[in-house]
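Here is the structure we will look at, set down as C-alpha coordinates.
If you're wondering where the values come from, they're calculated on a predicted model, not measured in any experiment.
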Amino acid sequence: MGAHPPSTTAEPTAGDPGDGRPPEGLQAGLKNRHLSMIAIGGVIGAGLFVGSGAGIAAAGPGILISYALTGLLVVLVMRMLGEMAAASPTSGSFSAYADRALGRWAGFTIGWLYWFFWSVVLAVEATAAAAILTSWVPAVPQWAWALLVMIVLTGTNLISVGSFGEFEFWFAGIKVAAIVVFIVAGALAVFGLPPGDEAVGLSHLTGDGGFLPNGPGAILSGMLLVVFSFMGSEIVTLAASESPNPVQAVRKATNSVIWRIAIFYLGSIAVIVTLLPWNDKGVEASPYVAVLRSLEIPYADTVMDVVVLTAVLSCLNSGLYTASRMAFSLGERGDAPKSFTRVNKGGVPAVSIWASVAFGFVAVIFSYTSKDTIFQFLLNSSGAVALFVWLVICFSQLRMRRTIERDTPERLTVRMWLYPYLTYATIALILFVVGYMFYNPDGRQQMIMSVAVGAVVLVVGLVRDRRRRGAVAASGAGGSGGSGDSGSSGSSGDTGDAGAQVMRKDEVTRS
(Lines give C-alpha, C1' and ligand atoms only; values in the text may rest on other atoms or scores of the structure.)
Protein backbone atom coordinates (compact mmCIF):
# COMPACT_ATOMS: atom_id res chain seq x y z
CA MET A 1 0.00 0.00 0.00
CA GLY A 2 1.16 3.55 -0.66
CA ALA A 3 2.13 5.67 2.30
CA HIS A 4 -0.64 7.85 3.66
CA PRO A 5 0.06 11.59 3.57
CA PRO A 6 -0.29 13.62 6.73
CA SER A 7 -3.79 14.93 7.32
CA THR A 8 -4.38 18.48 6.16
CA THR A 9 -7.64 20.38 5.90
CA ALA A 10 -9.77 17.36 5.15
CA GLU A 11 -9.97 13.85 6.46
CA PRO A 12 -9.29 11.39 3.64
CA THR A 13 -12.00 8.85 3.06
CA ALA A 14 -11.80 5.39 1.58
CA GLY A 15 -11.26 5.77 -2.07
CA ASP A 16 -9.73 9.24 -1.94
CA PRO A 17 -7.10 9.38 -4.69
CA GLY A 18 -3.71 8.87 -3.20
CA ASP A 19 -4.70 6.96 -0.06
CA GLY A 20 -3.63 3.65 -1.60
CA ARG A 21 -7.03 1.97 -1.28
CA PRO A 22 -9.61 1.12 -3.90
CA PRO A 23 -12.68 3.38 -4.02
CA GLU A 24 -15.33 2.60 -1.43
CA GLY A 25 -17.17 -0.63 -2.23
CA LEU A 26 -14.70 -1.91 -4.85
CA GLN A 27 -12.56 -4.90 -3.91
CA ALA A 28 -8.77 -5.08 -4.20
CA GLY A 29 -9.12 -8.41 -6.00
CA LEU A 30 -6.51 -8.09 -8.74
CA LYS A 31 -3.29 -9.97 -8.04
CA ASN A 32 0.16 -8.93 -9.19
CA ARG A 33 0.17 -11.57 -11.93
CA HIS A 34 -3.16 -10.24 -13.19
CA LEU A 35 -1.84 -6.69 -13.40
CA SER A 36 1.41 -7.78 -14.99
CA MET A 37 -0.40 -9.60 -17.76
CA ILE A 38 -2.96 -6.80 -18.18
CA ALA A 39 -0.06 -4.39 -18.62
CA ILE A 40 1.68 -6.64 -21.14
CA GLY A 41 -1.41 -7.75 -23.03
CA GLY A 42 -3.01 -4.31 -23.00
CA VAL A 43 -0.88 -3.19 -25.95
CA ILE A 44 -1.74 -6.27 -28.03
CA GLY A 45 -5.14 -5.81 -29.61
CA ALA A 46 -6.92 -7.36 -32.54
CA GLY A 47 -5.92 -4.27 -34.53
CA LEU A 48 -2.31 -5.46 -34.50
CA PHE A 49 -3.18 -8.84 -36.00
CA VAL A 50 -5.78 -7.65 -38.50
CA GLY A 51 -5.35 -3.92 -39.10
CA SER A 52 -1.57 -3.81 -39.53
CA GLY A 53 -1.92 -5.00 -43.15
CA ALA A 54 -3.47 -1.69 -44.22
CA GLY A 55 -0.61 0.23 -42.64
CA ILE A 56 2.00 -1.91 -44.41
CA ALA A 57 0.19 -1.41 -47.74
CA ALA A 58 0.20 2.37 -47.19
CA ALA A 59 3.80 2.88 -46.05
CA GLY A 60 5.71 -0.24 -47.09
CA PRO A 61 8.64 -1.16 -44.81
CA GLY A 62 8.50 2.48 -43.63
CA ILE A 63 5.56 1.41 -41.48
CA LEU A 64 8.25 0.58 -38.92
CA ILE A 65 8.88 4.31 -38.56
CA SER A 66 5.13 4.91 -38.20
CA TYR A 67 4.95 2.34 -35.41
CA ALA A 68 8.12 3.70 -33.78
CA LEU A 69 6.82 7.30 -33.75
CA THR A 70 3.40 6.26 -32.47
CA GLY A 71 5.02 3.98 -29.92
CA LEU A 72 7.20 6.86 -28.72
CA LEU A 73 4.08 8.99 -28.34
CA VAL A 74 2.42 6.29 -26.24
CA VAL A 75 5.54 5.84 -24.10
CA LEU A 76 5.64 9.56 -23.30
CA VAL A 77 1.91 9.75 -22.57
CA MET A 78 2.08 6.65 -20.37
CA ARG A 79 5.01 8.15 -18.49
CA MET A 80 2.91 11.23 -17.72
CA LEU A 81 -0.09 9.13 -16.74
CA GLY A 82 2.12 6.88 -14.64
CA GLU A 83 3.48 9.91 -12.78
CA MET A 84 -0.03 11.01 -11.83
CA ALA A 85 -1.36 7.50 -11.16
CA ALA A 86 1.56 6.55 -8.89
CA ALA A 87 1.04 9.74 -6.91
CA SER A 88 -2.72 9.35 -6.77
CA PRO A 89 -4.22 5.95 -7.76
CA THR A 90 -7.92 6.16 -8.61
CA SER A 91 -10.48 4.21 -10.63
CA GLY A 92 -11.12 7.31 -12.76
CA SER A 93 -7.48 7.64 -13.82
CA PHE A 94 -6.93 10.46 -16.33
CA SER A 95 -10.57 11.61 -16.13
CA ALA A 96 -10.22 12.19 -12.39
CA TYR A 97 -6.89 13.95 -12.91
CA ALA A 98 -8.41 16.22 -15.57
CA ASP A 99 -11.23 16.96 -13.14
CA ARG A 100 -8.78 18.23 -10.53
CA ALA A 101 -6.13 19.81 -12.74
CA LEU A 102 -8.22 21.43 -15.47
CA GLY A 103 -11.77 21.65 -14.16
CA ARG A 104 -14.92 19.63 -13.65
CA TRP A 105 -15.86 20.21 -17.29
CA ALA A 106 -12.66 18.50 -18.46
CA GLY A 107 -13.10 15.40 -16.30
CA PHE A 108 -16.75 15.16 -17.32
CA THR A 109 -16.00 15.50 -21.03
CA ILE A 110 -13.07 13.12 -21.34
CA GLY A 111 -14.67 10.61 -18.97
CA TRP A 112 -17.86 10.32 -20.98
CA LEU A 113 -16.00 10.27 -24.31
CA TYR A 114 -13.81 7.46 -23.03
CA TRP A 115 -16.84 5.53 -21.82
CA PHE A 116 -18.46 6.07 -25.23
CA PHE A 117 -15.34 4.82 -27.01
CA TRP A 118 -15.12 1.55 -25.07
CA SER A 119 -18.87 0.96 -25.24
CA VAL A 120 -18.63 1.15 -29.04
CA VAL A 121 -15.59 -1.15 -28.90
CA LEU A 122 -17.76 -3.75 -27.15
CA ALA A 123 -19.98 -3.91 -30.23
CA VAL A 124 -17.03 -4.01 -32.63
CA GLU A 125 -15.31 -6.84 -30.78
CA ALA A 126 -18.50 -8.84 -30.22
CA THR A 127 -19.26 -8.63 -33.94
CA ALA A 128 -15.70 -9.64 -34.85
CA ALA A 129 -15.78 -12.61 -32.45
CA ALA A 130 -19.14 -13.69 -33.85
CA ALA A 131 -17.80 -13.61 -37.41
CA ILE A 132 -14.96 -16.01 -36.50
CA LEU A 133 -17.21 -18.34 -34.51
CA THR A 134 -19.79 -18.40 -37.32
CA SER A 135 -17.10 -19.48 -39.78
CA TRP A 136 -16.43 -22.45 -37.48
CA VAL A 137 -20.06 -23.27 -36.69
CA PRO A 138 -22.23 -21.90 -39.52
CA ALA A 139 -25.39 -23.48 -38.08
CA VAL A 140 -25.47 -20.83 -35.34
CA PRO A 141 -26.40 -17.36 -36.65
CA GLN A 142 -23.86 -14.59 -36.18
CA TRP A 143 -26.10 -12.46 -33.98
CA ALA A 144 -26.50 -15.42 -31.58
CA TRP A 145 -22.73 -15.77 -31.23
CA ALA A 146 -22.42 -12.00 -30.56
CA LEU A 147 -25.13 -12.27 -27.90
CA LEU A 148 -23.49 -15.31 -26.29
CA VAL A 149 -20.06 -13.68 -26.16
CA MET A 150 -21.48 -10.54 -24.55
CA ILE A 151 -23.44 -12.56 -21.97
CA VAL A 152 -20.46 -14.72 -20.96
CA LEU A 153 -18.05 -11.82 -20.50
CA THR A 154 -20.68 -9.73 -18.74
CA GLY A 155 -21.06 -12.61 -16.32
CA THR A 156 -17.33 -12.81 -15.62
CA ASN A 157 -17.20 -9.07 -14.94
CA LEU A 158 -20.22 -9.23 -12.63
CA ILE A 159 -18.84 -12.05 -10.47
CA SER A 160 -15.78 -10.20 -9.16
CA VAL A 161 -12.82 -8.16 -10.31
CA GLY A 162 -10.71 -11.26 -9.67
CA SER A 163 -12.82 -13.14 -12.21
CA PHE A 164 -12.15 -10.42 -14.78
CA GLY A 165 -8.46 -10.53 -13.91
CA GLU A 166 -8.26 -14.31 -14.27
CA PHE A 167 -9.91 -14.30 -17.70
CA GLU A 168 -7.69 -11.46 -18.83
CA PHE A 169 -4.60 -13.22 -17.49
CA TRP A 170 -5.20 -16.22 -19.75
CA PHE A 171 -6.41 -14.19 -22.73
CA ALA A 172 -3.35 -11.96 -22.54
CA GLY A 173 -1.11 -14.97 -21.94
CA ILE A 174 -2.23 -16.59 -25.19
CA LYS A 175 -1.65 -13.33 -27.10
CA VAL A 176 1.81 -12.85 -25.64
CA ALA A 177 2.80 -16.48 -26.29
CA ALA A 178 1.57 -16.25 -29.89
CA ILE A 179 3.55 -13.06 -30.58
CA VAL A 180 6.72 -14.44 -28.99
CA VAL A 181 6.53 -17.68 -31.02
CA PHE A 182 5.78 -15.67 -34.16
CA ILE A 183 8.82 -13.41 -33.67
CA VAL A 184 11.17 -16.28 -32.84
CA ALA A 185 10.03 -18.38 -35.82
CA GLY A 186 10.22 -15.38 -38.13
CA ALA A 187 13.69 -14.39 -36.97
CA LEU A 188 14.96 -17.94 -37.54
CA ALA A 189 13.55 -17.83 -41.08
CA VAL A 190 15.18 -14.46 -41.79
CA PHE A 191 18.61 -15.90 -40.96
CA GLY A 192 18.04 -19.22 -42.74
CA LEU A 193 17.52 -21.40 -39.70
CA PRO A 194 17.01 -24.31 -39.26
CA PRO A 195 19.73 -25.70 -41.56
CA GLY A 196 18.65 -26.17 -45.14
CA ASP A 197 16.41 -23.10 -45.27
CA GLU A 198 17.46 -20.20 -47.46
CA ALA A 199 18.13 -16.99 -45.55
CA VAL A 200 15.79 -14.19 -46.60
CA GLY A 201 18.05 -11.48 -45.22
CA LEU A 202 17.05 -7.82 -45.46
CA SER A 203 16.32 -7.70 -49.17
CA HIS A 204 12.60 -7.03 -48.72
CA LEU A 205 13.33 -3.94 -46.62
CA THR A 206 15.18 -2.17 -49.40
CA GLY A 207 13.86 -3.92 -52.51
CA ASP A 208 10.38 -3.67 -54.02
CA GLY A 209 10.57 0.11 -54.35
CA GLY A 210 12.85 0.85 -51.41
CA PHE A 211 12.26 1.39 -47.70
CA LEU A 212 9.77 4.20 -48.42
CA PRO A 213 8.16 3.10 -51.71
CA ASN A 214 5.29 5.58 -51.37
CA GLY A 215 7.39 8.51 -50.18
CA PRO A 216 8.04 10.02 -46.72
CA GLY A 217 4.46 11.28 -46.46
CA ALA A 218 3.29 7.68 -46.22
CA ILE A 219 4.83 7.54 -42.73
CA LEU A 220 2.16 9.96 -41.52
CA SER A 221 -0.56 8.04 -43.33
CA GLY A 222 0.70 4.92 -41.62
CA MET A 223 0.53 6.65 -38.24
CA LEU A 224 -3.15 7.44 -38.79
CA LEU A 225 -3.80 3.76 -39.44
CA VAL A 226 -1.89 2.44 -36.42
CA VAL A 227 -2.39 5.13 -33.76
CA PHE A 228 -5.68 3.72 -32.52
CA SER A 229 -4.35 0.18 -32.17
CA PHE A 230 -2.34 1.44 -29.17
CA MET A 231 -5.49 2.40 -27.24
CA GLY A 232 -5.63 0.19 -24.17
CA SER A 233 -2.18 0.85 -22.74
CA GLU A 234 -3.77 3.07 -20.10
CA ILE A 235 -6.11 0.36 -18.76
CA VAL A 236 -3.58 -0.82 -16.19
CA THR A 237 -3.74 2.59 -14.45
CA LEU A 238 -7.47 2.07 -13.88
CA ALA A 239 -7.05 -1.56 -12.82
CA ALA A 240 -4.23 -0.74 -10.41
CA SER A 241 -6.68 0.98 -8.04
CA GLU A 242 -8.26 -2.45 -7.39
CA SER A 243 -4.99 -4.11 -6.43
CA PRO A 244 -3.30 -4.45 -3.02
CA ASN A 245 -0.42 -2.16 -4.02
CA PRO A 246 -1.55 0.26 -6.74
CA VAL A 247 1.53 2.49 -6.60
CA GLN A 248 3.93 -0.41 -7.22
CA ALA A 249 1.69 -1.77 -9.98
CA VAL A 250 1.59 1.55 -11.81
CA ARG A 251 5.33 2.03 -11.46
CA LYS A 252 6.09 -1.42 -12.93
CA ALA A 253 3.64 -0.97 -15.80
CA THR A 254 4.99 2.46 -16.67
CA ASN A 255 8.60 1.34 -16.62
CA SER A 256 7.89 -1.69 -18.82
CA VAL A 257 5.88 0.07 -21.56
CA ILE A 258 8.99 0.73 -23.69
CA TRP A 259 10.04 -2.90 -24.09
CA ARG A 260 6.43 -4.03 -24.47
CA ILE A 261 5.91 -1.80 -27.49
CA ALA A 262 9.38 -2.51 -28.87
CA ILE A 263 8.93 -6.29 -28.77
CA PHE A 264 5.29 -6.85 -29.57
CA TYR A 265 4.71 -4.12 -32.14
CA LEU A 266 8.05 -3.27 -33.71
CA GLY A 267 9.35 -6.83 -33.37
CA SER A 268 6.41 -8.57 -35.03
CA ILE A 269 5.95 -5.93 -37.76
CA ALA A 270 9.69 -6.10 -38.53
CA VAL A 271 9.35 -9.87 -39.03
CA ILE A 272 6.49 -9.35 -41.51
CA VAL A 273 8.13 -6.71 -43.70
CA THR A 274 11.47 -8.56 -43.62
CA LEU A 275 10.12 -11.97 -44.56
CA LEU A 276 7.64 -10.91 -47.25
CA PRO A 277 7.38 -8.15 -49.88
CA TRP A 278 5.34 -5.27 -48.51
CA ASN A 279 3.12 -5.21 -51.62
CA ASP A 280 2.19 -8.89 -51.36
CA LYS A 281 -1.63 -9.13 -51.50
CA GLY A 282 -1.58 -11.69 -48.72
CA VAL A 283 0.25 -9.25 -46.43
CA GLU A 284 -2.38 -6.56 -46.97
CA ALA A 285 -5.25 -8.98 -46.34
CA SER A 286 -3.81 -10.78 -43.30
CA PRO A 287 -0.08 -10.20 -42.63
CA TYR A 288 0.34 -12.72 -39.82
CA VAL A 289 -1.42 -15.49 -41.75
CA ALA A 290 0.73 -14.69 -44.81
CA VAL A 291 3.90 -15.14 -42.75
CA LEU A 292 2.67 -18.40 -41.21
CA ARG A 293 1.89 -19.72 -44.67
CA SER A 294 5.34 -18.72 -45.93
CA LEU A 295 6.83 -20.67 -43.03
CA GLU A 296 4.65 -23.62 -44.07
CA ILE A 297 2.89 -23.74 -40.72
CA PRO A 298 -0.01 -26.20 -41.07
CA TYR A 299 -3.51 -24.80 -40.60
CA ALA A 300 -2.15 -21.24 -40.60
CA ASP A 301 -5.59 -19.69 -41.07
CA THR A 302 -7.10 -21.63 -38.18
CA VAL A 303 -4.15 -20.92 -35.89
CA MET A 304 -4.45 -17.21 -36.61
CA ASP A 305 -8.23 -17.28 -36.16
CA VAL A 306 -7.73 -18.71 -32.67
CA VAL A 307 -5.20 -16.00 -31.80
CA VAL A 308 -7.37 -13.22 -33.22
CA LEU A 309 -10.44 -14.57 -31.41
CA THR A 310 -8.46 -14.55 -28.18
CA ALA A 311 -7.36 -10.96 -28.83
CA VAL A 312 -10.94 -9.95 -29.59
CA LEU A 313 -12.31 -11.58 -26.44
CA SER A 314 -9.52 -10.00 -24.41
CA CYS A 315 -10.36 -6.58 -25.81
CA LEU A 316 -14.06 -7.09 -25.13
CA ASN A 317 -13.34 -8.24 -21.58
CA SER A 318 -11.04 -5.28 -20.90
CA GLY A 319 -13.38 -2.86 -22.65
CA LEU A 320 -16.30 -3.83 -20.44
CA TYR A 321 -14.14 -3.51 -17.35
CA THR A 322 -12.76 -0.14 -18.44
CA ALA A 323 -16.12 1.34 -19.44
CA SER A 324 -17.74 0.26 -16.18
CA ARG A 325 -14.95 1.65 -14.01
CA MET A 326 -15.03 4.97 -15.83
CA ALA A 327 -18.82 5.09 -15.36
CA PHE A 328 -18.30 4.24 -11.67
CA SER A 329 -15.81 7.10 -11.28
CA LEU A 330 -18.13 9.54 -13.05
CA GLY A 331 -20.90 8.51 -10.67
CA GLU A 332 -18.63 9.06 -7.66
CA ARG A 333 -17.88 12.58 -8.85
CA GLY A 334 -21.52 13.43 -9.47
CA ASP A 335 -21.10 13.44 -13.26
CA ALA A 336 -23.20 10.30 -13.82
CA PRO A 337 -26.23 8.82 -12.03
CA LYS A 338 -25.46 7.96 -8.42
CA SER A 339 -26.67 4.42 -9.10
CA PHE A 340 -23.47 3.89 -11.12
CA THR A 341 -21.58 3.68 -7.82
CA ARG A 342 -23.60 0.75 -6.46
CA VAL A 343 -21.59 -2.44 -6.08
CA ASN A 344 -22.81 -6.02 -5.69
CA LYS A 345 -21.66 -8.65 -3.22
CA GLY A 346 -18.61 -9.30 -5.38
CA GLY A 347 -17.50 -5.70 -4.97
CA VAL A 348 -17.99 -4.72 -8.62
CA PRO A 349 -20.10 -1.78 -9.92
CA ALA A 350 -22.98 -3.86 -11.30
CA VAL A 351 -25.10 -0.94 -12.51
CA SER A 352 -22.15 0.57 -14.38
CA ILE A 353 -21.46 -2.79 -16.01
CA TRP A 354 -25.07 -3.22 -17.10
CA ALA A 355 -25.24 0.33 -18.44
CA SER A 356 -22.12 -0.23 -20.55
CA VAL A 357 -23.35 -3.60 -21.76
CA ALA A 358 -26.74 -2.14 -22.67
CA PHE A 359 -25.12 0.48 -24.89
CA GLY A 360 -22.91 -2.23 -26.39
CA PHE A 361 -25.94 -4.43 -27.11
CA VAL A 362 -27.72 -1.58 -28.89
CA ALA A 363 -24.58 -0.90 -30.93
CA VAL A 364 -24.37 -4.60 -31.87
CA ILE A 365 -27.94 -4.42 -33.17
CA PHE A 366 -27.03 -1.37 -35.24
CA SER A 367 -24.01 -3.25 -36.64
CA TYR A 368 -26.48 -5.64 -38.28
CA THR A 369 -29.46 -3.38 -39.03
CA SER A 370 -27.75 -0.06 -39.86
CA LYS A 371 -24.13 -0.96 -40.59
CA ASP A 372 -23.48 1.84 -43.09
CA THR A 373 -25.37 4.58 -41.25
CA ILE A 374 -25.80 4.58 -37.47
CA PHE A 375 -23.06 2.05 -36.72
CA GLN A 376 -20.64 3.82 -39.06
CA PHE A 377 -21.43 7.08 -37.26
CA LEU A 378 -20.64 5.45 -33.91
CA LEU A 379 -17.30 4.20 -35.26
CA ASN A 380 -16.29 7.53 -36.78
CA SER A 381 -17.45 9.68 -33.89
CA SER A 382 -15.43 7.63 -31.38
CA GLY A 383 -12.38 7.17 -33.61
CA ALA A 384 -10.28 10.12 -32.44
CA VAL A 385 -10.98 9.72 -28.72
CA ALA A 386 -7.49 8.25 -28.21
CA LEU A 387 -5.91 11.52 -29.32
CA PHE A 388 -8.26 13.55 -27.10
CA VAL A 389 -7.39 11.34 -24.11
CA TRP A 390 -3.67 11.74 -24.73
CA LEU A 391 -3.98 15.52 -24.99
CA VAL A 392 -5.91 15.72 -21.73
CA ILE A 393 -3.29 13.56 -19.99
CA CYS A 394 -0.55 15.94 -21.17
CA PHE A 395 -2.30 19.12 -20.00
CA SER A 396 -3.31 17.51 -16.70
CA GLN A 397 0.26 16.44 -16.00
CA LEU A 398 1.56 19.95 -16.63
CA ARG A 399 -0.59 21.28 -13.79
CA MET A 400 -0.54 18.33 -11.40
CA ARG A 401 3.25 18.04 -11.47
CA ARG A 402 3.59 21.52 -9.98
CA THR A 403 0.98 20.77 -7.34
CA ILE A 404 2.52 17.46 -6.33
CA GLU A 405 6.04 18.94 -6.16
CA ARG A 406 4.74 21.70 -3.89
CA ASP A 407 2.48 19.70 -1.57
CA THR A 408 3.51 16.02 -1.57
CA PRO A 409 6.87 15.64 -3.36
CA GLU A 410 7.40 12.23 -1.73
CA ARG A 411 4.66 10.88 -4.01
CA LEU A 412 6.72 11.50 -7.15
CA THR A 413 7.96 7.95 -7.41
CA VAL A 414 7.52 8.07 -11.19
CA ARG A 415 8.72 11.22 -12.97
CA MET A 416 8.14 12.42 -16.50
CA TRP A 417 11.45 12.80 -18.30
CA LEU A 418 12.73 16.32 -19.05
CA TYR A 419 9.64 17.95 -17.60
CA PRO A 420 8.11 20.20 -18.90
CA TYR A 421 9.90 20.17 -22.27
CA LEU A 422 8.99 16.63 -23.31
CA THR A 423 5.41 17.25 -22.23
CA TYR A 424 5.20 20.27 -24.52
CA ALA A 425 6.85 18.31 -27.33
CA THR A 426 4.31 15.50 -26.90
CA ILE A 427 1.44 17.99 -27.05
CA ALA A 428 2.89 19.44 -30.25
CA LEU A 429 3.20 15.98 -31.83
CA ILE A 430 -0.39 15.05 -30.94
CA LEU A 431 -1.70 18.33 -32.32
CA PHE A 432 0.30 17.69 -35.49
CA VAL A 433 -1.37 14.28 -35.87
CA VAL A 434 -4.78 15.87 -35.27
CA GLY A 435 -4.04 18.51 -37.91
CA TYR A 436 -2.89 15.89 -40.38
CA MET A 437 -6.10 13.93 -39.83
CA PHE A 438 -8.08 17.02 -40.85
CA TYR A 439 -5.83 17.39 -43.90
CA ASN A 440 -5.86 13.74 -44.93
CA PRO A 441 -9.05 12.65 -46.76
CA ASP A 442 -8.97 9.24 -45.09
CA GLY A 443 -8.97 10.70 -41.59
CA ARG A 444 -10.99 13.87 -42.10
CA GLN A 445 -14.48 12.43 -41.67
CA GLN A 446 -13.48 10.53 -38.56
CA MET A 447 -11.89 13.61 -37.00
CA ILE A 448 -14.80 15.91 -37.88
CA MET A 449 -17.36 13.55 -36.37
CA SER A 450 -15.23 12.93 -33.28
CA VAL A 451 -14.76 16.66 -32.74
CA ALA A 452 -18.50 17.25 -33.22
CA VAL A 453 -19.47 14.66 -30.60
CA GLY A 454 -16.69 15.88 -28.31
CA ALA A 455 -17.95 19.45 -28.65
CA VAL A 456 -21.48 18.42 -27.66
CA VAL A 457 -20.22 16.61 -24.55
CA LEU A 458 -17.94 19.56 -23.75
CA VAL A 459 -20.83 22.04 -23.92
CA VAL A 460 -22.88 19.83 -21.60
CA GLY A 461 -19.92 19.68 -19.21
CA LEU A 462 -19.44 23.46 -19.23
CA VAL A 463 -23.14 24.09 -18.64
CA ARG A 464 -23.19 21.61 -15.75
CA ASP A 465 -20.08 23.17 -14.27
CA ARG A 466 -21.53 26.68 -14.48
CA ARG A 467 -24.81 25.61 -12.90
CA ARG A 468 -22.99 23.74 -10.15
CA ARG A 469 -20.82 26.74 -9.31
CA GLY A 470 -23.86 28.99 -9.37
CA ALA A 471 -25.69 26.71 -6.95
CA VAL A 472 -22.67 26.57 -4.65
CA ALA A 473 -22.28 30.35 -4.72
CA ALA A 474 -25.96 30.80 -3.89
CA SER A 475 -25.93 28.34 -0.99
CA GLY A 476 -22.56 29.31 0.43
CA ALA A 477 -22.25 33.05 -0.06
CA GLY A 478 -19.53 33.24 2.56
CA GLY A 479 -17.25 30.89 0.59
CA SER A 480 -18.02 27.93 2.83
CA GLY A 481 -17.98 24.37 1.57
CA GLY A 482 -17.93 22.80 -1.87
CA SER A 483 -20.46 20.99 -3.97
CA GLY A 484 -21.91 18.07 -2.12
CA ASP A 485 -22.14 15.76 -5.08
CA SER A 486 -18.53 15.90 -6.06
CA GLY A 487 -16.78 14.88 -2.92
CA SER A 488 -14.75 18.12 -2.85
CA SER A 489 -13.27 19.02 0.50
CA GLY A 490 -12.30 22.50 1.52
CA SER A 491 -11.44 25.61 -0.43
CA SER A 492 -8.17 26.51 -2.00
CA GLY A 493 -6.74 29.16 -4.24
CA ASP A 494 -4.98 26.51 -6.35
CA THR A 495 -5.68 23.03 -7.58
CA GLY A 496 -5.19 21.64 -4.09
CA ASP A 497 -3.34 18.68 -2.58
CA ALA A 498 -2.32 15.61 -4.56
CA GLY A 499 -3.00 13.09 -1.85
CA ALA A 500 -5.37 13.44 1.08
CA GLN A 501 -7.09 16.50 -0.34
CA VAL A 502 -9.01 16.25 -3.59
CA MET A 503 -6.75 18.66 -5.53
CA ARG A 504 -9.52 20.87 -6.85
CA LYS A 505 -10.15 24.55 -6.68
CA ASP A 506 -13.26 25.44 -4.79
CA GLU A 507 -16.27 25.45 -7.12
CA VAL A 508 -16.84 29.11 -6.33
CA THR A 509 -13.34 30.33 -7.18
CA ARG A 510 -12.65 28.28 -10.31
CA SER A 511 -13.49 30.06 -13.55
Side-chain angles (χ1 to χ4, degrees), residues 43-75 179 182-183 185-192 197-230 261-297 300-301 304 308 383 386-387 429-430 432-447:
V43 297
I44 308 174
L48 173 63
F49 297 110
V50 180
S52 53
I56 295 172
I63 193 66
L64 287 171
I65 300 179
S66 302
Y67 271 105
L69 289 175
T70 309
L72 175 62
L73 191 60
V74 173
V75 167
I179 288 289
F182 179 86
I183 292 174
L188 291 175
V190 169
F191 294 106
D197 289 349
E198 183 179 350
V200 176
L202 305 179
S203 60
H204 290 311
L205 293 178
T206 55
D208 307 306
F211 188 74
L212 295 172
N214 297 324
I219 294 174
L220 294 175
S221 299
M223 285 186 67
L224 298 187
L225 293 169
V226 306
V227 66
F228 305 110
S229 64
F230 283 92
I261 290 176
I263 292 176
F264 298 126
Y265 275 89
L266 291 178
S268 62
I269 297 299
V271 165
I272 294 170
V273 295
T274 304
L275 274 180
L276 299 174
W278 67 271
N279 51 5
D280 185 296
K281 293 299 182 183
V283 171
E284 182 176 0
S286 185
Y288 289 81
V289 171
V291 169
L292 293 181
R293 285 175 179 167
S294 73
L295 298 177
E296 299 181 354
I297 303 294
D301 294 59
M304 209 60 235
V308 171
L387 296 173
L429 182 56
I430 295 172
F432 177 77
V433 174
V434 169
Y436 187 76
M437 283 192 72
F438 276 113
Y439 169 78
N440 187 286
D442 295 331
R444 188 177 302 138
Q445 185 181 28
Q446 192 175 75
M447 180 57 72

Please output the side-chain donor-acceptor pairs of residues 287-297 that fall under 3.5 Å, not counting sequence neighbours, one pair per line with the distance.
| residue | atom | partner | partner atom | Å |
| --- | --- | --- | --- | --- |
| Y288 | OH | S268 | OG | 2.9 |
| R293 | NE | D301 | OD1 | 3.1 |
| R293 | NH2 | D301 | OD1 | 2.8 |
| R293 | NH2 | D301 | OD2 | 2.5 |
| S294 | OG | V291 | O | 2.6 |

Subject >> Where at least one partner belongs to residues 202-222, residue pairs that pass ring pair (Phe, Tyr, Trp, His ring centres under 6.0 Å), sequence neighbours excluded >> reply: none

Original post:
Could you give the distance from CG (D280) to CG (L275), rounded to the nearest 0.5 Å?
Top reply: 11.5 Å

Subject >> Shortest non-hydrogen contact between L266 and L64, atoms and distance >> reply: CD2-O, 3.6 Å

Expected list for residues 216-225: side-chain donor-acceptor pairs under 3.5 angstrom, two or more places apart:
| residue | atom | partner | partner atom | Å |
| --- | --- | --- | --- | --- |
| S221 | OG | Y436 | OH | 3.3 |

**OP:** Could you tell me whether the side chain of I272 reaches within less than 4.5 Å of the side chain of F182, counting heavy atoms only?
**Re:** yes

**OP:** Mind checking the CD1-CH2 spacing from I63 to W278? Nearest 0.5 Å is all I need.
**Re:** 11.5 Å

Original post:
What distance separates F191 CZ from L202 CG, expressed to the nearest 0.5 Å?
Top reply: 7.0 Å

Original post:
So does F432 have more than 12 non-hydrogen atoms from other groups sitting under 6.0 Å from CZ?
Top reply: no

Original post:
At what distance, to the nearest 0.5 angstrom, does OG1 of T274 lie from CD1 of I269?
Top reply: 10.5 Å

Please output the side-chain donor-acceptor pairs of residues 49-56 that fall under 3.5 Å, not counting sequence neighbours, one pair per line with the distance.
| residue | atom | partner | partner atom | Å |
| --- | --- | --- | --- | --- |
| S52 | OG | L48 | O | 2.6 |

